[in-house]
Amino acid sequence: MRRLILSIFVGELLLCLGSVRAAEEGPSGLQKDKPLNRILLIYDASNSMNARWQSDTKMAISKRLIMEILDSLSGISNLQLALRVYGHESEYPPLDCQDSRLEVPFSSDNVKKIIHRIKTLIPKGATPIAYSLEQAANDFPACENCRNIIILITDGIEECSGDPCAASAFLQSKGIALKPFIIGIGDNFETNFRCVGEYFDASKETDFVRAFEIVISQALNTTTAQVNLLDEKGKPTVTNVNMTFYDHVAGKPVYHYVHTLNYRGFPDTLTLDPLHIYDLVVHTMPACRLDSVVVFPGIHNMFALDAAQGDLTLKMTGSRSAVAKSIACIVKKRGDLDIVNVQYINDKTRYLTGFYDMEVLTLPRINIQNVEVSPNTTTTIEIPMPGIFVLQRNGEGYGSLYAIREDGKEELIYTFEENVKIETLYLQPGRYRMVNRSKYNLRTSATRDRVFTIEPGVTVNVVL
């Protein structure tokens with residue numbers, strides 16, 4: 001009966017893999033490169049595995065069930081297995097906290113070798129789980145397109161001074177392996193392994209096969225999801241935006257997509273690896289995101305983000321297009337210090353709806369606050385055409401330019417180049433004061449200043 005269940009399980013697994021393969025093919029039928037699935041079994045052969053567990057010892061039962069499942073995987077392509085064992089070389093007591101060894105390294109078609117090694121194991125020693133996880137970092141050969149998966153099978157918790165949680169976090173943060181699976185034999189150790197990975201309870205013999213089958217299925221299959229980008233009415237109509245799924249622990253990108261609505265007008269279906277916890281970033285301006293996104297295997301996952309947008313454009317009165325193209329504007333969310341975008345005059349850019357503060361990098365700078373971007377509309381901000389200021393000096397000198405405000409206060413806006421005799425500046429309409437002293441006149445009283453007015457499109461020449 002058990003072999004019949006395993007046959008059905010493997011048949012369903014191969015069918016799922018075929019579906020994923022078809023989903024990865026593009027319109028032309030060209031298939032994307034699929035990652036190589038590499039599963040490292042870390043198997044407990046410590047002294048406690050000699051204990052009785054229902055119909056036999058824990059070791060005898062787990063051996064038999066593991067070998068049956070491994071045998072059923074021998075026909076699956078794009079899969080490599082390896083076996084690390086701990087607690088099998090040194091007698092207990094005393095504690096040997098380095099009793100862990102890679103018995104069968106990764107290779108193709110090595111299932112029989114792994115089964116043979118499992119048959120010969122004799123439980124003897126301690127349970128150095130953290131050390132085994134640390135050593136597992138060296139068990140995965142370098143690979144640019146691999147999914148590295150760890151399945152830990154244990155009947156107990158850490159017996160040495162190591163920290164399995166820290167060891168697992170290291171493996172994930174460095175991108176060495178995905179979140180481990182743990183199958184606990186005999187007792188429920190979930191509270192001890194919750195920080196290590198995804199725990200499966202096999203308190204009973206009948207639970208073990210099912211737990212192992214679920215782990216293998218999750219390890220080898222992707223699942224489906226869709227991202228709903230909501231408009232101002234809460235409907236998923238926003239689309240054509242880049243989005244990235246990052247691994248939450250490692251911080252590295254796993255998938256890059258351009259959001260799409262299918263022919264029925266619904267967000268298109270994605271295939272995602274359920275072994276990651278994701279940070280989803282939708283690259284609107286500013287970006288919107290969901291952190292710690294969990295993808296549940298075997299169901300269609302749906303994620304929603306508010307992404308209503310409108311357009312913002314800056315215009316310059318008049319027709320000096322060459323001047324306009326060179327003027328940039330810093331855009332920030334209202335009250336925030338972080339820069340959202342640097343936008344140029346005459347560019348139309350899409351932003352999330354809301355209020356923004358703008359700083360136009362003219363001379364002097366123009367600050368515009370509380371600019372509202374409304375959904376599906378274009379907000380236009382106009383700034384005046386500048387005038388042209390030309391300074392001509394008959395020698396080198398020191399000087400600055402001040403803007404005179406309407407209240408009479410003056411603000412330093414520019415310092416002239418010391419060694420440049422002719423300078424041209426585009427200035428916003430208004431009154432200015434120029435202060436200058438010749439480089440070769442060493443009397444402070446030789447400083448000269450001049451007040452002048454700039455009008456739109458008019459050139460003012462100052463000759464010293």
Side-chain angles (χ1 to χ4, degrees), residues 225-246 248 251 253 255-262 265-268 270 278-293 302-318 320-386 426 428:
Q226 73 181 58
V227 177
N228 295 332
L229 301 181
L230 307 180
D231 60 20
E232 71 281 2
K233 297 179 181 178
K235 296 183 178 180
T237 64
V238 180
T239 190
N240 299 329
V241 181
N242 285 56
M243 55 186 181
T244 304
F245 288 83
Y246 295 89
H248 175 72
Y255 300 102
H256 290 287
Y257 290 112
V258 177
H259 189 277
T260 311
L261 298 181
N262 62 25
F266 299 123
D268 198 27
L270 314 174
Y278 296 98
D279 291 334
L280 169 59
V281 178
V282 180
H283 299 288
T284 50
M285 198 172 295
C288 49
R289 60 185 296 146
L290 285 177
D291 288 337
S292 302
V293 174
M302 300 178 67
F303 313 113
L305 300 92
D306 292 323
Q309 298 172 85
D311 292 320
L312 176 63
T313 185
L314 285 83
K315 297 289 186 181
M316 176 181 286
T317 58
R320 290 186 178 274
S321 59
V323 177
K325 289 181 180 179
S326 65
I327 296 177
C329 174
I330 295 173
V331 182
K332 304 177 182 179
K333 291 190 69 174
R334 181 175 59 181
D336 285 358
L337 296 177
D338 293 337
I339 295 175
V340 172
N341 187 34
V342 176
Q343 183 173 342
Y344 287 86
I345 304 295
N346 294 330
D347 289 347
K348 183 166 71 172
T349 304
R350 181 154 291 185
Y351 295 89
L352 292 179
T353 56
F355 290 87
Y356 295 86
D357 295 335
M358 304 169 63
E359 184 177 11
V360 187
L361 303 183
T362 52
L363 276 178
R365 297 186 178 187
I366 301 173
N367 290 294
I368 308 170
Q369 296 183 327
N370 296 331
V371 176
E372 183 176 9
V373 174
S374 302
N376 302 316
T377 60
T378 298
T379 300
T380 301
I381 302 296
E382 289 196 6
I383 64 171
M385 176 192 292
Y426 293 99
Q428 287 295 295

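Note that the structure is predicted; figures quoted are calculated from it, not measured.
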Are the side chains of [X] and [Y] in touch, meaning some heavy atoms are under 4.5 Å apart?
{"X": "Val227", "Y": "Pro267", "value": "no"}
{"X": "Leu352", "Y": "Val373", "value": "no"}
{"X": "Asp268", "Y": "Tyr257", "value": "no"}
{"X": "His259", "Y": "Leu229", "value": "yes"}
{"X": "Ile330", "Y": "Leu361", "value": "yes"}
{"X": "Val331", "Y": "Thr349", "value": "no"}
{"X": "Ile345", "Y": "Cys329", "value": "no"}

Hey, what do you get for [atom1] ([X]) to [atom2] ([Y]), rounding to the nearest 0.5 Å?
{"X": "Glu232", "Y": "Gln309", "atom1": "CD", "atom2": "CD", "value": "10.5 Å"}
{"X": "Asn228", "Y": "Asp306", "atom1": "CG", "atom2": "CG", "value": "11.0 Å"}
{"X": "Ile383", "Y": "Ile327", "atom1": "CD1", "atom2": "CD1", "value": "5.0 Å"}
{"X": "Arg350", "Y": "Met285", "atom1": "CZ", "atom2": "CE", "value": "11.5 Å"}
{"X": "Leu290", "Y": "Met243", "atom1": "CG", "atom2": "CE", "value": "11.5 Å"}
{"X": "Glu382", "Y": "Thr317", "atom1": "CD", "atom2": "OG1", "value": "6.5 Å"}

- Are Leu280 and Leu305 close enough, and set up right, to give a side chain to side chain contact (heavy atoms under 4.5 Å, CB included), and what steps lead you there? CA-CA 10 Å; Leu280 169 59; Leu305 300 92; 3.9 Å; yes
What pair of heavy atoms forms the shortest contact from [X] to [Y], and how long is it?
{"X": "Val342", "Y": "Ala328", "answer": "CG1-CB, 3.8 Å"}
{"X": "Pro384", "Y": "Ile366", "answer": "CD-CD1, 4.3 Å"}
{"X": "Leu261", "Y": "Pro236", "answer": "CD2-O, 3.9 Å"}
{"X": "Leu230", "Y": "Ala304", "answer": "CD1-CB, 4.1 Å"}
{"X": "Asn346", "Y": "Met316", "answer": "OD1-N, 4.5 Å"}
{"X": "Ala225", "Y": "Phe303", "answer": "CB-CE1, 3.9 Å"}

- Name the orientation class of the two ring planes belonging to Phe245 and Tyr255 (parallel below 30°, tilted from 30 to 60°, perpendicular beyond 60°). perpendicular
- Message: Could you check whether Asn341 and Tyr351, counting side-chain N and O atoms only, form a donor-acceptor pair closer than 3.5 Å?
- Response: yes
Side-chain donor/acceptor of [X] to backbone N/O of [Y], under 3.5 Å:
{"X": "Asp347", "Y": "Thr313", "result": "no"}
{"X": "Asp336", "Y": "Asp338", "result": "no"}
{"X": "Asp279", "Y": "Ser292", "result": "yes"}
{"X": "Thr379", "Y": "Glu372", "result": "yes"}

- Task: Given side chain to side chain contact (heavy atoms under 4.5 Å, CB included), test Leu312 with Tyr356 step by step and report yes or no.
- Result: CA-CA 10 Å; Leu312 176 63; Tyr356 295 86; 5.5 Å; no
- Test log, rule side chain to side chain contact (heavy atoms under 4.5 Å, CB included), inputs Asn370 and Asp357: CA-CA 6 Å; Asn370 296 331; Asp357 295 335; 4.2 Å; yes
- Message: Heavy-atom count check: over 12 atoms from other residues, nucleotides or ligands less than 6.0 Å from Lys333 NZ?
- Response: no
